[in-house]
**Q** 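For reference, the structure I am asking about is given below.
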Amino acid sequence: MSSLQPVRGTHDLLPADMRRHRKVRDTARAVAERYGYLEMATPIFEFTEVFKRTLGEASDVVTKEMYTFSMKEGEEITLRPENTASVVRAFLSGGLAQQLPLKFFYDGPMFRHERPQKGRQRQFHQIGVELLGVPHPAGDVEIIVAGAHILDELGFLDDVVLEINTLGDPASRQAYREALVGYFRDHRDRLSEDSKDRLERNPLRILDSKDRGDRELVADAPAFDDYLNSESQDFFAAVLAGLDRLGLNYKLNSRLVRGLDYYSHTAFEFITERLGAQGTVMGGGRYDGLVKLMGGPPTPGVGWAAGIERLAMLLEAEPPAPRPIAIVPIGQAAEEKAQTLARDLRRAGYGVDLGFSGNMKKRLQRANKLGAAAAILLGDDELAEAKATVRDLESGQQETVSLTALTDCLARFR
RNA sequence: GUGGCUGUAGCUCAGUUGGUCAGAGCAUCGGUUUGUGGUACCGAGGGUCGGGGGUUCAAGUCCCCUCAGCCACCCCA
C-alpha cells in the first residue's frame with residue numbers, strides 16, 4: 001500500500017464535493033433553525049466510556065467499529081461513532097437540565113471502522129437534531145416533520161419513504177423481547193448463523209433479517225402488537241395522527257427496530273432506493289432512557305441523524321462554483337494598478353480573480369476556465385484615461401468605462 | 001469481519017488464444033492569433049499497465065500474495 005493513498009475509507013473533499021456537502025449542511029441548518037433547533041458542536045472524541053455505556057458493550061459499534069486510543073495518562077478516548085451520546089454528555093456536563101426543553105442541531109464527522117462501500121465510509125459526516133425534555137408525541141412529530149422538510153428542501157422527498165414503527169415503552173419492550181427470545185430459542189437450530197448471534201445480543205434484529213429461513217420463522221413469531229400496553233399504543237397512535245394532520249406520508253414497518261435498551265416508542269427511517277443497500281438516508285427515534293443511563297436525571301429525548309455523503313449523492317444539480325470577475329492587466333503599470341483595483345472590488349463585495357502571470361490571452365483563458373462572468377481589461381490605453389474595459393464573457397460584448405464608474409458597471413455581474 | 005467483481009495516461013476506456021499492445025477520446029501544454037477567452041485546425045508532453053513475487057525464451061495478458069474501489073452480507077447515516 002502506498003502511503004500516498006488516503007487511509008482506507010476516508011476521502012478528500014475537493015471543492016466540487018465540498019459544495020455538495022455544504023449545500024446539504026447549509027440547507028439542513030437553515031431549516032432546523034426555523035424549528036428552533038440551534039447549532040452546537042461537541043468534540044470529535046470523548047472518553048471511550050461515553051460510547052461504551054450508551055451503545056452497549058455488546059453492540060457491533062462498540063465491539064468492532066470504534067477508533068479507540070490509549071493516551072499516555074492511561075485514558076481511553078474514542079473518535080465518536082455517532083453524536084447523540086456526545087450531545088447528552090454535553091447536556092449533563094453543562095448542567096443544562098434546568099433549561100428544558102432543548103433543541104440542538106449539529107453537523108460533523110463521525111468514525112466507524114466498517115468495510116467501506118458506496119455510501120459507507122470510515123470517516124463520514126452527519127447532520128442531526130436532538131430534542132431533549134419533551135415526553136409528548138408532538139415532539140416525535142416535530143422531529144420527523146423537520147427531517148422531512150429538510151429532505152424536501154433538498155429536492156428529494158419524493159425519492160424517499162418514511163418507515164416508522166414503535167418499540168413501545170420499556171415494560172412492553174421487555175415483555176415482547178422475552179416472548180421473542182423464547183420463541184426463537186425453541187427454533188434455534190433453524191436460525192441462520194447471524195441470527196443465532198443476534199439472539200444473544202440483539203434479538204429484535206432477527207425480525208429484520210434478510211435470510212430466507214429466518215423470514216419463515218419470523219412470519220410465525222409473536223407479534224409486537226400483542227405485547228404493546230395501552231399507553232404505548234396510545235403514544236404511537238398520537239404520533240401517527242400528528243403525521244397525518246401535517247400531511248406526511250409514512251409506511252408502517254413492524255420489522256424496523258433499534259437494538260439498544262434506551263430506545264423506546266418511535267423508531268423511523270427515511271429510505272431511498274437510489275443508493276443500493278445503504279438506503280437509509282436519515283434515521284432516528286425516541287431515547288427516553290438515555291440521559292438516565294448516562295447518570296443524569298430521567299429526561300426524555302428524540303432525535304435523528306442523517307448521512308451527509310448519502311444525501312449529497314442524491315443531490316441532482318451540481319451546486320455551482322462562485323463566478324468571479326477577472327482582472328486582466330496588460331503591461332507592468334497595469335499589473336500594479338490591477339492589485340489595488342482587485343483590493344477595492346473585493347472590499348466592495350465582488351469575487352475577483354487576478355492571475356499572477358501570463359499575457360492577456362492566457363489570462364482570458366484562465367478567466368474562462370474559472371467561469372468568470374466578466375473580465376476587466378486594463379491596458380495602457382485605458383490607464384492613460386483612467387478607464388477600464390469591461391468585457392461580458394458570456395456575450396462577448398465590451399465597453400470602456402471610467403474607473404470611478406466601474407463598481408456600478410459591474411453591478412449586473414454580481 | 002465474510003463472499004463476489006474490478007484495478008491500463010489527470011478522467012472515461014480499448015488492448016483479440018501470452019510475442020511492435022503501450023493506444024483512443026477528453027483534459028493539460030504549445031502554436032495558428034505579441035490587446036481579446038469560449039469554437040476550429042496543427043503539434044507536444046504524460047503510463048514502473050495498483051504494488052510485490054512467480055511461471056515462461058517472452059506477461060498488461062497466466063498463477064500466488066497484497067493494497068484499493070465496487071456489489072452483497074453484517075451494521076447503520
Side-chain angles (χ1 to χ4, degrees), chain A residues 1-11 14 24 28 55 59-65 81-84 107-121 123-128 147 160 192-195 197-198 201-202 205 208-211 214 256-260 267-272 275-284 303-314 326 328-331 334 355 358-383 389-398 400:
Chain A
M1 87 119 97
S2 162
S3 59
L4 291 183
Q5 276 181 306
V7 172
R8 166 116 111 143
T10 67
H11 283 102
L14 298 180
V24 171
L55 300 177
S59 69
D60 270 42
V61 171
V62 170
T63 53
K64 47 192 196 197
E65 295 176 1
E82 58 98 38
N83 206 215
T84 301
D107 97 74
M110 309 292 159
F111 306 84
R112 261 130 78 164
H113 190 101
E114 298 181 276
R115 181 109 163 214
Q117 210 172 304
K118 185 165 67 170
R120 186 215 263 173
Q121 296 161 227
Q123 175 177 337
F124 62 105
H125 300 79
Q126 287 186 331
I127 50 175
V160 127
S192 66
E193 286 310 308
D194 278 335
S195 286
D197 195 42
R198 285 189 271 236
R201 296 172 28 189
N202 196 350
R205 288 226 67 96
D208 206 18
S209 173
K210 288 170 186 164
D211 182 86
D214 286 351
L256 198 162
V257 297
R258 291 281 120 98
L260 311 180
F268 64 90
E269 292 182 5
F270 286 89
I271 300 170
T272 179
L275 296 180
Q278 257 56 48
T280 299
V281 111
M282 177 182 281
W304 52 250
I308 297 181
E309 281 81 359
R310 292 183 187 177
L311 293 174
M313 281 191 282
L314 292 178
V328 178
I330 306 148
N359 58 24
M360 179 183 197
K361 185 186 169 83
K362 280 275 155 338
R363 288 169 185 266
L364 275 171
Q365 280 176 349
R366 175 183 161 81
N368 195 58
K369 223 170 296 171
L370 287 174
I376 299 171
L377 308 180
L378 259 190
D380 294 340
D381 303 350
E382 287 90 348
L383 272 185
T389 297
V390 175
R391 180 177 179 84
D392 183 328
L393 288 179
E394 218 133 274
S395 68
Q397 292 180 341
Q398 60 187 47
T400 300

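Quick note on labels: first sequence line is chain A, next is B, and so on, each numbered from 1.
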**Q** Does a distance-only test, which skips hydrogens and angles, find a donor-acceptor pair under 3.5 Å between the side chain of A:Arg115 and the base of B:rC71?
**A** no
**Q** Go through B:rG69, B:rC73, B:rG37 for me and flag the one nearest to the A:Ala277 side chain.
**A** B:rC73
**Q** Let's see if you can work this out: which of B:rA68, B:rC75, B:rC74 has an atom nearest to the side-chain heavy atoms of A:Arg8?
**A** B:rA68
**Q** Taking atom C1' of B:rC71 as reference, at what distance in whole Å does atom CD of A:Gln117 sit?
**A**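 After rounding, the reported distance stands at 7 Å.
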**Q** Out of B:rC29, B:rG37, B:rG35, which has the shortest distance to the side chain of A:Ile330?
**A**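 For the A:Ile330 side chain, the nearest candidate turns out to be B:rG35.
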**Q** Counting only side-chain heavy atoms from C-beta out, which of B:rC75, B:rU36, B:rG35 sits nearest to A:Arg120?
**A** B:rC75
**Q** Kindly compute the distance separating CD (A:Glu309) from CD (A:Gln278), expressed to the nearest 0.5 Å.
**A**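 With rounding to 0.5 Å, CD (A:Glu309) is 12.0 Å from CD (A:Gln278).
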**Q** Is it the case that B:rC76 (base atoms only) and A:Arg205 (side chain only) share a donor and an acceptor within less than 3.5 Å, ignoring hydrogens and angles?
**A** no
**Q** Between the base of B:rG38 and the side chain of A:Asn368, is there a donor and acceptor pair under 3.5 angstrom?
**A**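 No such pair is found, so the answer is no.
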**Q** Side chain of A:Lys361, base of B:rU34: donor and acceptor closer than 3.5 Å?
**A** no
**Q** Looking only at N and O atoms, is any donor in the side chain of A:Arg112 or the base of B:rA77 less than 3.5 Å from an acceptor on the other one?
**A** yes
**Q** I'd like to check the side chain to side chain contact (heavy atoms under 4.5 Å, CB included) partners of A:Gln123; sequence neighbours left out, ordered by chain and number.
**A**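 Once residues adjacent in sequence are excluded, the partners of A:Gln123 under the side chain to side chain contact (heavy atoms under 4.5 Å, CB included) criterion are A:Thr10, A:Pro109, A:Phe111, A:His125.
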**Q** Does any non-hydrogen side-chain atom of A:Leu377 lie less than 4.5 Å from one of A:Thr400?
**A**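 No - every pair of side-chain heavy atoms lies 4.5 Å or more apart.
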